[in-house]
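This report refers to the structure that appears directly beneath it.
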Amino acid sequence: MATTAFVEFSVVVRPQSNFVNTPYLQQLHSHRPFLSLSIPKSTAALSFTQSQDFGCSIERQQCDRGDFVQTSAVRELAGSLISAQGHRFAIVVARFNDLITKKLLEGALNTFKSYSVREEDIDVVWVPGSFEIGVAAQQLGKSRKYQSILCIGAVIRGDTSHYDAVVNAATSGVLSAGLNSGTPCIFGVLTCDTLEQAFDRVGGKAGNKGAEAALTAIEMASLFEHHLKPLQ
């Protein structure tokens, strides 16, 4: 049986000077060390620094991260991006600014196809604007028909504060839809200052954000299906 060498060390409390005059802290400071610990020898490179308040902090120095975190008790969960075959997806698309949202949808559909998602496993739901995305996504998520819901829209800043209201509503709506339905709802709504910025993100120099959001939907669908599936 393998054995592990341990190193014993002590923690010394060094209160700030302006607190030392209190009788309690004088007594505590005179009885040091007040805590003794044993740790594996391989992780014994530690230092002690005084914090701004009463107490001390422990900093680990120059230890190999792999040796420190890799134990038999640690289990890593992650979604797969190898294939999404067999998963069903819904895409909620805002009709407002459809010159942009149609290109985002195209990028998402192309990504789903490249990851073996069949056309019959994708439902596209159109809503008037980004403000209405959240409520539709929540209903779709509650149906339990889909492994992930992709939410696509485009909000471009104008001359009034309407932009901020719609962006806030779309952001919180998509978040609430995922939390309330238990189905991953992916935020694929562009929030841009100008139309030029939007075009840069639908196939221009910034890539296609619809395609990127589809990748997120695939990964989250896999994560929930294999690791985080809710109890029925």
Side-chain angles (χ1 to χ4, degrees), residues 79 81 84 87-112 115 117 119 121-225 228-230:
L81 281 174
H87 287 170
R88 296 199 66 196
F89 298 90
I91 307 177
V92 183
V93 190
R95 190 178 296 110
F96 193 79
N97 285 328
D98 65 347
L99 192 63
I100 301 298
T101 60
K102 285 181 178 178
K103 292 183 179 296
L104 292 171
L105 174 61
E106 181 181 356
L109 291 174
N110 288 337
T111 297
F112 282 135
Y115 280 83
V117 181
E119 291 184 355
D121 288 332
I122 303 172
D123 290 335
V124 177
V125 179
W126 290 90
V127 295
S130 295
F131 191 91
E132 292 77 28
I133 288 176
V135 64
Q138 180 168 303
Q139 288 299 103
L140 292 167
K142 286 183 175 180
S143 72
R144 301 297 183 188
K145 293 170 57 178
Y146 310 98
Q147 274 70 49
S148 189
I149 314 294
L150 175 53
C151 303
I152 287 177
V155 188
I156 300 174
R157 187 181 296 277
D159 296 329
T160 69
S161 60
H162 181 71
Y163 169 88
D164 297 313
V166 175
V167 168
N168 291 335
T171 304
S172 60
V174 174
L175 174 62
S176 296
L179 294 175
N180 294 332
S181 69
T183 300
C185 293
I186 311 306
F187 190 80
V189 179
L190 292 184
T191 57
C192 303
D193 289 330
T194 65
L195 190 61
E196 181 183 3
Q197 290 178 352
F199 275 115
D200 284 342
R201 288 157 177 78
V202 293
K205 59 185 179 182
N208 189 303
K209 299 303 179 181
E212 293 180 14
L215 285 176
T216 302
I218 292 171
E219 181 175 351
M220 290 298 291
S222 173
L223 177 64
F224 270 63
E225 181 71 15
L228 303 179
K229 182 183 294 186

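- Expressed to the nearest 0.5 Å, how far CZ of Phe89 lies from CG of Leu109 amounts to 12.0 Å.
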Would you be so kind as to tabulate the donor-acceptor pairs closer than 3.5 Å made by side chains of residues 121-142, with sequence neighbours excluded?
unit_1	atom_1	unit_2	atom_2	d
Asp121	OD1	Arg118	NH2	3.3
Asp121	OD2	Arg118	NE	2.9
Asp121	OD2	Arg118	NH2	3.1
Asp123	OD2	Arg88	NH2	3.2
Asp123	OD2	Tyr146	OH	2.5
Glu132	OE1	Gly129	N	2.9
Gln138	OE1	Asn180	ND2	3.1

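- Residues in residues 176-185 take part in no salt bridge (charged side-chain N to carboxylate O under 4.0 Å, His left out) pair, two or more places apart or across chains.
- Residues Leu105 and Ile91 have side chains in contact (heavy-atom distance under 4.5 Å, counting atoms from C-beta outward).
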Derivation and outcome, side-chain contact (heavy atoms from CB on, under 4.5 Å), residues Ile218 and His87:
CA-CA 8 Å; Ile218 292 171; His87 287 170; 5.9 Å; no
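- Listed here is the closest heavy atom pair of Leu104 and Gly153: CD1-O, 3.6 Å.
- Across Tyr163 and Gly158, no two heavy atoms sit closer than the pair CB-N, 4.3 Å.
- Contact of the Ile100 side chain with the Leu195 side chain is registered, since non-hydrogen atoms from C-beta on lie closer than 4.5 Å.
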Show the atom names and distances, to 0.1 Å, of all donor-acceptor pairs under 3.5 Å that link a side chain in residues 196-211 to residues at least two apart or in another chain.
unit_1	atom_1	unit_2	atom_2	d
Gln197	OE1	Asp193	N	2.8
Arg201	NH1	Gln197	O	2.9
Asn208	OD1	Gly210	N	2.8
Asn208	OD1	Ala211	N	3.2
Asn208	ND2	Lys103	O	3.1
Lys209	NZ	Glu212	OE1	3.3
Lys209	NZ	Glu212	OE2	3.4

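- By the 4.5 Å heavy-atom criterion applied to side chains, Leu190 and Val155 are not counted as neighbours.
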Please evaluate residues Thr111 and Leu215 with respect to the criterion side-chain contact (heavy atoms from CB on, under 4.5 Å), reporting the C-alpha separation (whole Å), side-chain torsions for both, the decisive distance (0.1 Å), and the verdict.
CA-CA 7 Å; Thr111 297; Leu215 285 176; 3.8 Å; yes
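- Closest approach of Ala177 to Ser181, counting heavy atoms only: O-OG, 2.6 Å.
- Looking at heavy atoms from C-beta onward, Leu179 lies in side-chain contact with Leu175 at the 4.5 angstrom threshold.
- Qualifying salt bridge (Lys or Arg N to Asp or Glu O under 4.0 Å) partners for Glu225, counting only residues two or more places apart in sequence or in other chains: Lys229.
- A pairwise comparison of heavy atoms in Met220 and Pro184 identifies CB-CB, 3.8 Å as the closest pair.
- For the pair Phe112 and Ala217, the tightest heavy-atom approach, listed with the atom from each and the gap, is CZ-CB, 4.2 Å.
- Atoms CG and OG, from Asn168 and Ser161 in turn, are 10.5 Å apart once rounded to the nearest 0.5 Å.
- Annotation: side-chain contact (heavy atoms from CB on, under 4.5 Å) contacts of Asn110 (sequence neighbours excluded): Glu106.
- The two atoms that bring Val117 and Ala84 nearest to each other are CG2-CB, 3.5 Å, heavy atoms only.
- Rounded to the nearest 0.5 angstrom, Thr216 OG1 and Ile186 CD1 are separated by 6.0 Å.
- Val92 has its side chain out of reach of Leu150: every pair of non-hydrogen atoms, C-beta onward, lies at least 4.5 Å apart.
- For residues 158-183, the salt bridge (charged side-chain N to carboxylate O under 4.0 Å, His left out) pairs, not counting sequence neighbours, are Arg157-Asp164.
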